[in-house]
A.B. asks: 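My structure is below; once you've seen it, I'll send some questions.
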Protein chains: 4
Amino acid sequence: MPKVGMEPVRRQQLIEATLQSVAELGLQATTINSISKKAGMSSGIISHYFGGKQGLIEATVRYLLSSLQRSLLQRTVQGCTPEQRLMFIVEANFAVVQQQRDTTRTWLSFWAHSMHDAELHRLQRVNARRLYSNLLYSFKQLMAPGKAREAAELSAAMIDGLWLRAVLNKADDAQFDSAQDLAKRYIQSLIQQFGV
Amino acid sequence: MPKVGMEPVRRQQLIEATLQSVAELGLQATTINSISKKAGMSSGIISHYFGGKQGLIEATVRYLLSSLQRSLLQRTVQGCTPEQRLMFIVEANFAVVQQQRDTTRTWLSFWAHSMHDAELHRLQRVNARRLYSNLLYSFKQLMAPGKAREAAELSAAMIDGLWLRAVLNKADDAQFDSAQDLAKRYIQSLIQQFGV
Amino acid sequence: MPKVGMEPVRRQQLIEATLQSVAELGLQATTINSISKKAGMSSGIISHYFGGKQGLIEATVRYLLSSLQRSLLQRTVQGCTPEQRLMFIVEANFAVVQQQRDTTRTWLSFWAHSMHDAELHRLQRVNARRLYSNLLYSFKQLMAPGKAREAAELSAAMIDGLWLRAVLNKADDAQFDSAQDLAKRYIQSLIQQFGV
Amino acid sequence: MPKVGMEPVRRQQLIEATLQSVAELGLQATTINSISKKAGMSSGIISHYFGGKQGLIEATVRYLLSSLQRSLLQRTVQGCTPEQRLMFIVEANFAVVQQQRDTTRTWLSFWAHSMHDAELHRLQRVNARRLYSNLLYSFKQLMAPGKAREAAELSAAMIDGLWLRAVLNKADDAQFDSAQDLAKRYIQSLIQQFGV
DNA sequence: AATGAATGAGTGTTCATTCAT
DNA sequence: CATGAATGAACACTCATTCAT
């Protein structure tokens, strides 16, 4: 039944099935069949829409990245202070987790794989720089440029480090909240230390 | 050619071939053939010595863990100050990297896989707790217990975060040194902040 | 080339290739490749249709059993005497052989393997009991129940014994016919001896 | 420690380990390792003494055959009647079973394999003919030669058939005894029927 | 004489991809 | 558009054999 306009729907369904499968089984054990079965479609459709497994994986990572971006933009409405905006950045980075419990593991799988996949590595660098840029932009409004750069770098590492340790320890929601709090308090201490 | 006393040699050769293969190809693409070819041995020998691929992977992670431990013990000779010891902990965690350039990517592959492998997850938790414990032990000599616990948690996250970002960005030696410096300076700032 | 309705055809083709391969090479030397090559298909299709080699072997035994059953039902049309029916039972058991020359060896391979395979053992018992039941049913119409049971047991053993010795000696058609005659005459002598 | 005269001992130990392994695991799953482990020796010794797995298997079958022969000779002391001797033949054929419970399954494995192994097939034919000859020799003393041949053939088939059905049904000792009784009574009925 | 380390061809199975329908 | 049957290379693993000791 050839319906028009089904493409974006099908693509999104497949991306979400991929997220689920990678979270459940890991990237290694995720197959074109485990995905298509979860999506309730045939295996052939993956090649049809994404050119192959690789393409679907990359599209899924791009979707995760844009989710993170949207998550941040939703929060940073106009008129918030630089300090508020920094807190929102932290929240956005941890929120991706809480929206979809499973998604966290998925990130780690993708980043590990990015070491051996050029396109994924490119996406990972975009993501790492975006976090740094977002932090830098706000820190610059609060301190000297040199200090701001160091603050941004340290904050980015602290956010990633807390997040990594939480994921690897299969932390529950409370532990994720606690990690998020530590990150926020760390940023506030940086502002106090370096701030004008 | 049955020589006696070859077992430890062969095991070590296979572990090193595994490290190389995972660094080069990733854990996903590392096969029993890619390892045995690198080791200059037949594929059957892996099952003979490690019972299978899984056993070799786990032995390799255990070897990495003991390397890290040895790296720390070499540094923390008797009579060093708590502050010195903290610097050594940082150095040990970054040094594993520099001894064997390839090893870094390997860690990430293993930890990502640990989300879906019980034994690897156990080893990862041992590692995460060991870093925390080592840090806590030294911080406790410099500040109140409550503050020490927070400092240990934050330092552990900062070390892991800086390390993760360096690895993912395929950082060169200079960038790793810079990350190591940032970690050290962060710990010093914690001592100044929380110290008695 | 996904044609619909191919499944039963493919399954039958694979079962027949299995019969051929086991007859030629034995169950031990029959591999997924020897079967798929004979069937003119790829090796992957066996897992696709039967879940694995084990599944195909079991399906093949079930097919042999149903062939035997069908062979008997074809003969025992209504209105035949008990004595005629007993002759038909003998014929059916020897006929499976003659329809497909190779099939005989196959039976023996399967039964030998049934000692170490639960499902095959179950199928073997079904087969052994069926022969006994079929014989008993007819003997009961000709003699006292106690005598009928003994006659059925002896006849079953005689049929299997003659068949086994013929198979193991790689008997030709004439020798199989001779064995069949002996079996028939033995049953007739039982009727004379025990019959009312 | 090179002891002289160890060869026959080692050979016998390996043959007995083979019998055990085939009974336990089947011929298919019996490996050079499963045998040598059971015998408490190294795997290499099998090639050393028997030239390979194949050679050991054949030696094991030859040992079984000679056991059967010995079992018969032990019974048929001089001065027994032809009828007694026939009973002894039946007993010998069923006794191999009872001496070593496991041995029964082993026979079947070997005979099934004999369809695809020239040397084993030769041994099987020797065995089949020996049973026939032994029976014929005694029957000839009790009836006309033509009748004796038929009686021998039928008796051989009955013995093998009862034995086969007992083995395949994993019969217990009582069921084996019952099968043995049926065989004896059948032979007696043949003597009454055909005897002078 | 006896070992067992080492080999590597061969096994059953998985799975991304293709393509006729 | 969408399917899923079919492929076959690649995988981890097994195992009879070899041979230096």
Side-chain angles (χ1 to χ4, degrees), chain A residues 1-7 10 29-37 41-57, chain B residues 1-7 9-10 28-36 40-57, chain C residues 1-7 9-10 28-36 40-57, chain D residues 1-7 10 29-37 41-57:
Chain A
M1 309 111 189
K3 288 176 192 159
V4 286
M6 286 304 284
E7 181 169 333
R10 291 265 186 263
T30 286
T31 69
I32 240 162
N33 264 325
S34 75
I35 295 168
S36 57
K37 186 171 277 183
M41 301 178 210
S42 74
S43 63
I45 202 147
I46 288 173
S47 290
H48 187 259
Y49 277 134
F50 295 96
K53 188 192 183 185
Q54 180 77 355
L56 175 51
I57 296 295
Chain B
M1 315 97 189
K3 287 174 194 158
V4 285
M6 288 306 283
E7 182 169 334
V9 177
R10 291 274 181 263
Q28 195 150 62
T30 286
T31 69
I32 243 165
N33 266 324
S34 75
I35 295 168
S36 57
M41 301 178 211
S42 72
S43 64
I45 202 121
I46 288 172
S47 289
H48 186 259
Y49 278 129
F50 295 96
K53 188 192 184 187
Q54 180 77 354
L56 176 52
I57 295 295
Chain C
M1 313 98 187
K3 287 174 193 158
V4 287
M6 287 305 282
E7 182 169 334
V9 177
R10 291 273 182 263
Q28 193 151 61
T30 285
T31 68
I32 240 161
N33 266 325
S34 76
I35 296 168
S36 57
M41 302 177 210
S42 72
S43 65
I45 203 128
I46 288 173
S47 289
H48 186 257
Y49 278 128
F50 296 95
K53 187 194 183 185
Q54 179 77 354
L56 175 51
I57 296 294
Chain D
M1 309 120 190
K3 286 177 193 159
V4 286
M6 286 304 283
E7 181 170 333
R10 292 265 186 264
T30 286
T31 68
I32 239 161
N33 265 324
S34 74
I35 295 168
S36 58
K37 187 172 276 181
M41 301 178 209
S42 74
S43 63
I45 202 147
I46 288 172
S47 291
H48 187 260
Y49 277 134
F50 296 95
K53 189 193 184 185
Q54 180 77 354
L56 176 52
I57 296 295

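Quick note on labels: first sequence line is chain A, next is B, and so on, each numbered from 1.
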A.B. asks: Working to the nearest 0.5 Å, report the span between CE of Met41(D) and CD1 of Ile35(D).
C.D. replies: 11.5 Å
A.B. asks: Nearest-Å distance, CD1 (Ile35(A)) to P (dT17(E))?
C.D. replies: 11 Å
A.B. asks: Which heavy atom of Ser36(A) sits nearest a heavy atom of Ser42(A), and at what distance?
C.D. replies: CB-O, 3.5 Å
A.B. asks: So which heavy atom on Tyr49(C) is nearest to which on Arg10(C), and how close?
C.D. replies: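 What the structure gives for the nearest pair is CE1-CB, 3.4 Å.
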A.B. asks: Distance check, rounded to the nearest 0.5 Å: Ile46(D) atom CD1 versus Gln54(D) atom CD?
C.D. replies: 13.0 Å
A.B. asks: Kindly give the heavy-atom pair with the smallest separation between Ser34(D) and Ala29(D), and that separation in Å.
C.D. replies: OG-O, 4.5 Å
A.B. asks: Rounded to the Å, how far apart are Ile32(C) CD1 and dA10(F) P?
C.D. replies: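 Computing the Ile32(C):CD1 to dA10(F):P distance gives 18 Å.
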A.B. asks: What is the distance, to the nearest angstrom, from the CG atom on Leu56(D) to the P atom on dC15(F)?
C.D. replies: 16 Å
A.B. asks: Taking any strand in view, what nucleotide pairs with dT21(E) in a Watson-Crick or G-U wobble way, both distances under 3.5 Å?
C.D. replies: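 Check on dT21(E): paired to dA2(F), both distances under 3.5 Å.
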A.B. asks: Which heavy atom of Ser43(C) sits nearest to which heavy atom of Ile32(C), and what is that distance?
C.D. replies: CB-CG2, 3.8 Å
A.B. asks: Grab the CG-P distance between Asn33(D) and dA6(E) for me, whole Å please.
C.D. replies: 15 Å
A.B. asks: Between Met41(A) and Lys53(D), name the one whose nearest nucleotide on DNA chain F is closer to the 5' end.
C.D. replies: Met41(A)
A.B. asks: Specify the residues of residues 42-51 of chain A, ordered by number, for which at least one heavy atom lies under 4.0 angstrom from an atom of DNA chain E.
C.D. replies: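 Nucleic-acid contacts, sorted: Ser47(A).
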A.B. asks: Could you check which nucleotide pairs with dA1(E) in any of the strands shown, counting Watson-Crick or G-U wobble with both distances under 3.5 Å?
C.D. replies: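 Pairing partner, where one exists within any strand: none, as none qualifies.
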A.B. asks: What integer distance in Å separates Arg10(C):CZ from dT7(F):C1'?
C.D. replies: 12 Å
A.B. asks: Could you state the atom-to-atom distance from CD of Glu7(B) to P of dG4(E) in whole Å?
C.D. replies: 12 Å
